[in-house]
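Have a look at the structure below, then the notes.
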There are 2 protein chains.
Amino acid sequence: MARRSDHSRDELTRMALAAARKIIAKQGLRGLSTRQIAAGIGYSPGTLYQLFEDLDDLILHINAATLDGLIEACRDVDLAAGPEAALEELARRYISYVGNNRGLWNAVFEHSLPEGRIAPDWLRERTRSLLGLAERAIAPLFQESEEAARRHEAQVLWASLYGIAALATAGKLPPGESPETMVQSLVQNSVAGLRSRRARP
Amino acid sequence: MARRSDHSRDELTRMALAAARKIIAKQGLRGLSTRQIAAGIGYSPGTLYQLFEDLDDLILHINAATLDGLIEACRDVDLAAGPEAALEELARRYISYVGNNRGLWNAVFEHSLPEGRIAPDWLRERTRSLLGLAERAIAPLFQESEEAARRHEAQVLWASLYGIAALATAGKLPPGESPETMVQSLVQNSVAGLRSRRARP
DNA sequence: AATTATATTGACCGACGATCAATTTCAATG
DNA sequence: CATTGAAATTGATCGTCGGTCAATATAATT
């Protein structure tokens with residue numbers, strides 16, 4: 001019951017997050033508990049409350065890291081390759097990443113904060129960053145001045161992608177339906193639709 | 001500690017579901033507990049286990065009822081009014097219903113079963129029914145023989161709608177972005193895209 | 001060496017989901 | 001109407017949970 005100095009505070013934080021990630025990946029958010037995390041790193045549950053505000057805060061950090069992984073996976077996509085190609089590549093990596101991190105991805109949208117509490121800015125920034133990718137991908141379809149419309153359409157695409165991935169990872173798609181083909185349809189329909197609607201508005 | 005016969009088994013079930021709905025609507029899934037439900041109907045927690053398998057089962061019933069409400073709200077949409085009109089009306093009611101039942105809707109996609117357990121058929125039927133609506137709405141864009149493609153595109157639309165509604169009810173949309181305009185963009189882009197892509201495949 | 005600050009813990013709180021023997025009532029039987 | 005058997009309801013109870021805190025042992029500072 002004292003200072004151990006086996007690990008620095010940052011090390012401890014990383015260890016806790018890693019342990020929690022492992023649990024979520026294997027058993028989902030349901031299986032996550034402070035006691036399990038603590039057992040995983042050889043400390044007592046109380047120590048976690050020195051690293052994180054509470055379990056919600058810890059989960060938010062996990063989710064931020066999950067989004068960071070997705071951002072990283074999309075980092076070197078050629079956004080100037082044309083709307084179809086760029087969006088398709090983004091969507092492909094999105095689905096691939098989500099598929100390889102089902103449990104963690106589920107946690108992103110299964111988690112919700114208690115009644116009054118609001119998501120922190122540093123988490124929202126992650127989704128804003130992902131939105132920016134989609135926005136740049138479809139930029140050729142818009143005038144420079146149409147920033148609002150560009151953002152709006154990117155938001156629609158992002159939300160749609162989100163829906164497809166969410167249903168897929170939660171196992172709520174009928175058998176025979178794959179998220180890969182779904183996002184492909186989404187992208188092609190959306191881009192074709194944007195082209196034709198913006199040609200004759 | 002005995003048979004009361006104040007209420008029939010069905011009455012009790014309805015009361016329990018109503019009490020649970022009230023809690024979810026006000027405090028979300030987090031606030032739901034067997035003890036709170038039991039207190040809400042003046043019975044002990046143990047009694048609930050005679051009406052439902054466990055708390056998960058109860059939540060699944062709640063979610064089924066929530067989906068039934070949406071189905072009911074979409075019941076009299078004129079699906080033969082053309083793809084754009086039909087889909088837009090469906091989407092409008094979808095967003096309206098979800099907006100009026102935020103907590104309950106959140107529960108639909110926040111809830112997940114423990115590791116091995118699978119969603120019951122009677123719940124999947126609900127989503128299949130909603131999928132059928134979208135499928136009929138876009139039917140004019142397909143040949144009779146293209147059943148697979150029709151179902152596939154309906155599934156994409158349904159999942160996209162789902163994503164928009166999910167982000168909206170979870171408060172994860174940026175300010176200034178409304179789900180109403182988003183679904184309108186989605187529908188118009190998708191239909192226009194389908195038209196143009198199917199004209200020149 | 002003495003003092004201050006801080007990290008860590010075990011014990012503890014209230015609440016949770018779930019189970020079950022005990023008990024009381026209802027329904028069926030004679 | 002009396003007896004029996006089935007069913008429903010409960011309180012007690014188990015193990016677990018998130019979270020708090022005084023006690024304590026170590027590290028840092030003087």
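In the text below, chain A, chain B and the rest are named by the order of the sequence lines, each starting its count at 1.
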Give the table of side-chain donor-acceptor pairs shorter than 3.5 Å for residues 173-189 of chain B, with sequence neighbours excluded, one pair per line with atom names and distance.
| unit_1 | atom_1 | unit_2 | atom_2 | d |
| --- | --- | --- | --- | --- |
| B:Glu177 | OE2 | A:His152 | ND1 | 2.5 |
| B:Ser178 | OG | B:Thr181 | N | 3.2 |
| B:Ser178 | OG | B:Thr181 | OG1 | 3.1 |
| B:Thr181 | OG1 | B:Ser178 | O | 3.0 |
| B:Ser185 | OG | A:His152 | NE2 | 2.7 |
| B:Ser185 | OG | B:Thr181 | O | 3.3 |
| B:Gln188 | OE1 | A:Arg197 | NE | 3.4 |
| B:Gln188 | OE1 | A:Arg197 | NH2 | 3.1 |
| B:Gln188 | NE2 | B:Glu88 | OE2 | 3.3 |
| B:Asn189 | OD1 | A:Arg197 | NH1 | 2.6 |
| B:Asn189 | ND2 | A:Glu153 | OE1 | 2.9 |
| B:Asn189 | ND2 | B:Ser185 | O | 3.3 |

Indicate every side-chain donor-acceptor pair of residues 10-18 of chain B with a distance under 3.5 Å to a residue at least two apart or in another chain.
| unit_1 | atom_1 | unit_2 | atom_2 | d |
| --- | --- | --- | --- | --- |
| B:Glu11 | OE1 | B:Ser8 | N | 2.8 |
| B:Thr13 | OG1 | B:Arg9 | O | 2.9 |

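Ranking D:dA8, C:dT8, D:dT10 by closeness to the B:Tyr43 side chain, first place goes to D:dT10. Comparing C:dT8, D:dT10, C:dC16 against the side chain of B:Thr47 picks out D:dT10 as the nearest.
Look at B:Thr34 and you won't find any side-chain N or O under 4.0 angstrom from OP1 or OP2 of C:dA18.
Residue B:Ile37 is out of contact with every strand shown, counting any heavy-atom pair closer than 4.0 Å.
Contacts of residues 54-65 of chain B with DNA chain C (heavy atom under 4.0 Å): B:Asp54, B:Leu55. Less than 4.0 Å separates DNA chain C from no heavy atom of any residue of residues 17-25 of chain A.
With rounding to whole Å, A:Leu51 atom CG is found 16 Å from C:dT6 atom P. Atom CZ in B:Arg35 sits about 11 Å away from atom P in C:dA18, given to the nearest Å.
Contacts of A:Arg75 classified as salt bridge (charged side-chain N to carboxylate O under 4.0 Å, His left out), with partners at least two apart in sequence or in another chain: A:Glu72.
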Report each atom pair, protein N/O against N/O of nucleotides 27-30 of chain D, whose distance is under 3.5 angstrom.
| unit_1 | atom_1 | unit_2 | atom_2 | d |
| --- | --- | --- | --- | --- |
| D:dA27 | OP1 | A:Ser5 | OG | 3.2 |

